[in-house]
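For reference, the structure discussed in these notes is given below.
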2 protein chains.
Amino acid sequence: MHSPELLKGTLQTIVLKVLKDHGKMYGYEITQCVKELSDGNLLLTEGALYPTLHKLEADGLLKTETVMLGRRVRKYYTLTTEGKSLVKERVNEFIRFIQTMENVLQVDFK
Amino acid sequence: MHSPELLKGTLQTIVLKVLKDHGKMYGYEITQCVKELSDGNLLLTEGALYPTLHKLEADGLLKTETVMLGRRVRKYYTLTTEGKSLVKERVNEFIRFIQTMENVLQVDFK
DNA sequence: TCTAATACCTAACTTTCTTAGGTAATAAGA
DNA sequence: TCTTATTACCTAAGAAAGTTAGGTATTAGA
């Protein structure tokens, strides 16, 4: 497991990219997906995830669709057009940050 | 320039590693060193740096030596033994985080 | 029947930044 | 000489973005 400090600032990027790669997803599904992709190293807490999803929606980057499964509510999130273009920027920004850190820390990631 | 959000959680690691690589340094010198290493992409603010240095010192990871240059004060920081062993851990933790992010974001840093 | 998993959510608190100040010595240029 | 930029230290208020710890409720399985 990683220090949760490192996650700060990357949660939005993770959510946006996972939604881009997997299309329509609901909150709980995102936590499970990230858990799998990270081999159990990244466990998104709901206290962080849901406020993030709500913020991304409020910012017009995500849109929602609420579905009833019997009596159960499920809220699906998808990227808006604006959201789609932001994903690339965010991922590129992260990559540039990593490259900068490689220089500052004098290490080799790969 | 990078989004300052991404810096969160990495400032301690940067300070520790730069001190390990360059030995005795003072605060202002650290900001200039990081600026150079990052090609101007990482500009440490003093409001973030000084509290971080004080915290690392309080935690026993750094020790200080105050030098007078004429009337000017300069405060040098060096790693303690404890600090030296922590640097490796922090850098390794960061590398593992990057590798995890590579999987989650499905990108290739190289 | 009780627990674990699924599925949503909020609120108090903490950490860690940014922003915006303050002080003061020294160097450089108009 | 005066003014500004740079060097060099610092703190405090506020914001951002997490954690921790709750709450509600359905469904599946032992």
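Chain naming here is simple, since letters A, B, ... match the order of the sequence lines and numbering starts at 1 in each.
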Quickly work out the [X] [atom1] to [N] [atom2] distance and round it to whole Å.
X	N	atom1	atom2	value
B:Met25	D:dT7	CE	P	14 Å
B:Leu6	D:dA17	CG	P	11 Å
B:Leu49	D:dT7	CG	P	15 Å
B:Phe97	D:dG18	CZ	C1'	13 Å
B:Leu56	C:dC17	CG	C1'	15 Å
A:Arg72	D:dT26	CZ	C1'	5 Å

N/O donor to acceptor pairs below 3.5 angstrom from side-chain atoms of residues 9-20 of chain B, sequence neighbours left out:
{"from": "B:Thr10", "atom 1": "OG1", "to": "B:Leu7", "atom 2": "O", "distance (Å)": "2.4"}
{"from": "B:Gln12", "atom 1": "OE1", "to": "B:Arg90", "atom 2": "NH1", "distance (Å)": "2.8"}
{"from": "B:Gln12", "atom 1": "OE1", "to": "B:Arg90", "atom 2": "NH2", "distance (Å)": "3.3"}
{"from": "B:Lys17", "atom 1": "NZ", "to": "A:Leu105", "atom 2": "O", "distance (Å)": "2.8"}
{"from": "B:Lys17", "atom 1": "NZ", "to": "B:Asp21", "atom 2": "OD1", "distance (Å)": "3.1"}
{"from": "B:Lys17", "atom 1": "NZ", "to": "B:Asp21", "atom 2": "OD2", "distance (Å)": "2.7"}

**Message:** Can you confirm whether or not the ring centre of A:Tyr26 sits under 6.0 Å from the ring centre of A:Tyr76?
**Reply:** yes
**Request:** May I ask you to test the B:Leu43-B:Val34 pair for a side-chain heavy-atom distance under 4.5 Å?
**Result:**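 No - every pair of side-chain heavy atoms lies 4.5 Å or more apart.
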**Message:** Using side-chain heavy atoms (C-beta onward) and a distance below 4.5 Å, is A:Val87 in contact with A:Leu79?
**Reply:**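 Touching, per the 4.5 Å side-chain cut-off.
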**Request:** Output yes when a side-chain donor or acceptor of B:Gln106 lies under 3.5 Å from a complementary backbone atom of B:Asn103, and no otherwise.
**Result:** yes
**Prompt:** salt bridge (Lys or Arg N to Asp or Glu O under 4.0 Å): which pairs involve residues 40-57 of chain B, sequence neighbours left out?
**Reply:**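 Every salt bridge (Lys or Arg N to Asp or Glu O under 4.0 Å) pair that includes a residue of residues 40-57 of chain B, provided the two are not neighbours, is B:Lys55-B:Asp59.
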Tabulate protein N/O versus nucleotide N/O from nucleotides 9-11 of chain D, keeping only pairs under 3.5 Å, one per line.
{"from": "D:dC9", "atom 1": "OP1", "to": "B:Lys75", "atom 2": "N", "distance (Å)": "3.3"}
{"from": "D:dC9", "atom 1": "OP2", "to": "B:Gly27", "atom 2": "N", "distance (Å)": "3.4"}
{"from": "D:dC9", "atom 1": "OP2", "to": "B:Tyr28", "atom 2": "N", "distance (Å)": "2.6"}
{"from": "D:dC9", "atom 1": "OP2", "to": "B:Tyr50", "atom 2": "OH", "distance (Å)": "2.8"}
{"from": "D:dC9", "atom 1": "O5'", "to": "B:Tyr50", "atom 2": "OH", "distance (Å)": "3.3"}
{"from": "D:dC9", "atom 1": "N4", "to": "B:Glu46", "atom 2": "OE1", "distance (Å)": "2.7"}
{"from": "D:dC10", "atom 1": "OP1", "to": "B:His54", "atom 2": "NE2", "distance (Å)": "3.4"}
{"from": "D:dC10", "atom 1": "OP1", "to": "B:Lys75", "atom 2": "NZ", "distance (Å)": "2.8"}
{"from": "D:dC10", "atom 1": "OP2", "to": "B:His54", "atom 2": "NE2", "distance (Å)": "3.4"}
{"from": "D:dC10", "atom 1": "N4", "to": "B:Glu46", "atom 2": "OE1", "distance (Å)": "3.1"}
{"from": "D:dT11", "atom 1": "OP2", "to": "B:His54", "atom 2": "ND1", "distance (Å)": "3.4"}

**Message:** Would you compute the distance between atom OG1 of B:Thr31 and atom CE of B:Met25 and round it to the nearest 0.5 angstrom?
**Reply:**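 These two atoms lie 8.5 Å from each other.
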**Spatial distance of atom CD1 (A:Ile95) from atom CD (B:Glu102) [nearest 0.5 Å]** = 9.0 Å
**Asked** If every non-hydrogen atom of B:Ser38 is compared with every non-hydrogen atom of A:Val104, which pair is closest and at what distance?
**Response**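 Reported closest heavy-atom pair: CB-CG2, 3.7 Å.
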**Request:** Under the ring pair (Phe, Tyr, Trp, His ring centres under 6.0 Å) rule, collect the residues that match up with B:Tyr77, sequence neighbours excluded.
**Result:** none
Protein-nucleotides 12-16 of chain C N/O pairs closer than 3.5 Å?
{"from": "C:dT15", "atom 1": "O2", "to": "A:Lys8", "atom 2": "NZ", "distance (Å)": "3.3"}

**Request:** Could you check which residues of residues 57-69 of chain A get a heavy atom under 4.0 Å from DNA chain C? Sort them by number, please.
**Result:**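 Residues of residues 57-69 of chain A under 4.0 Å from DNA chain C: none.
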**Asked** Parallel under 30°, tilted from 30 to 60°, perpendicular over 60°: which one fits the rings of A:Phe97 and B:Phe94?
**Response**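 Answer is perpendicular, since the angle exceeds 60°.
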**Message:** Within the 4.0 Å heavy-atom criterion, would you say A:Arg71 contacts the bases, only the backbone, or no part of the nucleic acid?
**Reply:**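 Sugar-phosphate contact only.
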